Amino acid sequence: MPYSNGFDRLWLPFTYDSDMRDYPPRIVERGSGLYVYDNTGRRIMDAVGSWWVSSFGHCHPRIVAAVREQAGRLDHVLMAGFVSEPTMRLTAHLADLLPAELTRIFYSDDGSTAVEAALKIALQYHALRGSKRSAFVGLGSGYHGDTLGAMSVSSIPAYHTLFHERFRKHHAVDSPYCYRCPAGKEAATCEAECMDSLAKLFDECGETMAGCIFEPLLQGAAGMRVYPPKVLRRIFALCESYGVLTIADEVATGFGRTGRMFACDHIGQVPDIMCLAKGLTGGFAPMGITAVKERIYGEFRGIPGSGRILYHGHSFTGNPIAAAAACATMELLKEHRIPESLEKVTAHFRAGLEGFRDHEAVGDIRSIGLIGAIELVKDRKTKEPFPPALRVGFSVAQAALANGLLVRPLGDVVYFFPAFVITESEIDEMFGILHRSIEEVFHVTPHI
Ligand SMILES: Cc1ncc(COP(=O)(O)O)c(C=O)c1O
């Protein structure tokens, strides 16, 4: 069936209508490992794991087999009064992988709903304790998803300002954006001063705070801003002093991405609530998790009429096919000893990134685990950004695509979030294509 008029009907996320016309989306027919193939047979290397979900590459045979087998056995069963077998298996896997203190696992549909559930759990937890704590604080430029609750605790101006004005705004403190440190510090002298803003807020109104939500060590959508463990340590310490629940949004950082199983492991801290999604199913199906400490679940232990019940759930909660994909993914994580086994490939990845350091338009290079980013700027000395109208990042992405590489910059930050199966030679190929694409853009647009 021809799809010519399909383009008149589609509404793509984060896409201008004019781009939809001028750069119509490629129709992708299949995927294998690091690559997807469009309907002209073109091979495209997926350098961003298709929005950070494809942890073991596209169509990993082990996950394909698990999904196939499950689809022939049970499609779905509601998750109240019933639970599917793969969901039980997955829960056992997670009990192995998660920090022991996170004793209860609540399933939902994706990263946004994992955050929604976390916010509701935090609010109701306090209410059940007779506390009126109801405010949330997040980090400046934080991103926690696109549903209204998740947006109300997020702070990327272009995405959220309108909705904050019309819906609900939370408190936002400084972003730990080391390249443009809000406290004017350098790495060598940093004492996590960016979090003075959190200390000040807690001094003023800490007793009203239900929870502090943060992306540990990496603010992803803000532009892959990697920040130091001491900042995360200070967030935990401040929350503890003021009795504020810690909500670690590990939707992007979880399951080995940062070089530890969870980013919070880098500082040996366990949050009160952890949100997970993305790599959980290896990129096969949407699924989210909100894991909580026993003391939180304890407030929800109730009998009918007590109000101690979480009125939250989605039709597809705990979907067996997604759970089967997640079980296979968890098995792969364990068998391949992720993240320990990634050390060598990660070192190669980091060295490759450094190869961009001398380019006149590269202002900053940052990485953590198998995530790396290059921030392009107009002036390296002053860190002046390019005028947004030039769409430098977008142009680089278009050039890269023409050269067979899928990147999806965040503004002028070009980043890499490849599947764990990437090899050293594929890393060289990936960076080689990006080098070439940057050169092409700067060559054909000399005023850049
Ligand atoms: C840290 C973080 N939290 C939540 C989300 C939302 O996840 P989803 O897109 O699966 O709803 C994202 C998505 O990028 C994210 O990076």
Side-chain angles (χ1 to χ4, degrees), residues 12-15 46-55 106-122 136-156 158-160 163 170 172 175-177 211-227 232 235 246-258 262-264 266 271 273-291 312 314 316-317 319 322 325-326 329 368-371 373 407-411 413 415-417:
L12 300 188
F14 300 104
T15 304
D46 183 355
V48 297
S50 279
W51 270 341
W52 327 346
V53 300
S54 177
S55 40
F106 185 87
Y107 289 101
S108 63
D109 295 354
D110 51 34
S112 303
T113 57
V115 169
E116 294 287 338
L119 300 177
K120 284 176 71 173
I121 289 170
F136 288 98
V137 57
L139 304 183
S141 299
Y143 179 84
H144 302 287
D146 286 342
T147 51
L148 275 172
M151 285 203 306
S152 79
V153 293
S154 301
S155 295
I156 296 185
Y159 302 174
H160 303 125
F163 300 99
H170 68 300
S175 166
Y177 185 14
C212 173
I213 184 164
F214 49 87
E215 296 158 85
L217 299 186
L218 173 88
Q219 290 197 286
M224 297 298 160
R225 297 180 185 174
V226 179
Y227 64 90
L232 188 57
I235 294 172
T246 45
I247 306 174
D249 180 349
E250 297 241 17
V251 165
T253 52
F255 299 116
R257 207 16 95 170
T258 66
F262 303 102
C264 289
H266 286 270
I273 304 178
M274 187 187 277
C275 304
L276 293 157
K278 298 269 192 201
L280 168 64
T281 64
F284 273 65
M287 181 176 242
I289 285 172
T290 308
H312 187 97
H314 303 273
F316 280 100
T317 294
N319 175 257
T329 307
I368 183 167
L370 258 190
I371 304 168
V407 288
R408 183 151 173 116
L410 294 152
V413 177
Y415 71 86
F416 303 91
F417 209 113

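Computed from a predicted model, the values in this text were never measured in an experiment. Start at 1 and go down the list; that is how both ligands and their atoms are numbered.
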Could you tell me whether the side chain of Q219 and the main chain of S175 form a donor-acceptor pair under 3.5 Å? no
Can you check whether A150's main-chain N or O pairs, donor with acceptor, with S152's side chain at less than 3.5 Å? no
Step by step, work out the side chain to side chain donor-acceptor pair (under 3.5 Å) result for E250 and T253. CA-CA 5 Å; E250 297 241 17; T253 52; 2.9 Å; yes
With a 6.0 Å cut-off on ring centres, are F255 and F262 close enough? yes
Name the closest protein heavy atom to atom 12 (C) of ligand 1, giving the residue it belongs to and the distance to 0.1 Å. Y143 CE2, 3.6 Å
Heavy-atom gap W52 to ligand 1 smaller than 4.0 Å: yes
Give yes or no for whether the N/O distance cutoff of 3.5 Å, strictly under, is met between A277 and ligand 1. no
Any non-hydrogen atom of K278 lying under 4.0 Å from ligand 1? yes
The protein heavy atom nearest to atom 8 (P) of ligand 1 is G111 N, 3.5 Å
So the atoms of ligand 1 within less than 4.0 Å of a heavy atom of S112 turn out to be 6 (C), 7 (O), 8 (P), 11 (O)
Any nitrogen or oxygen of E215, side chain or backbone, less than 3.5 Å from one on ligand 1? no
Whether W52 and F417 hold their rings parallel, tilted or perpendicular, with breakpoints at 30° and 60°: parallel
Among all protein non-hydrogen atoms, which one is nearest to atom 5 (C) of ligand 1, and what is the separation to 0.1 Å? V251 CG1, 3.7 Å
For atom 3 (N) of ligand 1, which candidate among D110, D249, T113 holds the nearest heavy atom? D249
Can a side-chain donor-acceptor contact be found between D109 and T113 if the only test is distance below 3.5 angstrom? no
Can you tell me how far apart CG (L139) and OG (S155) are? Round to the nearest 0.5 Å. 8.5 Å
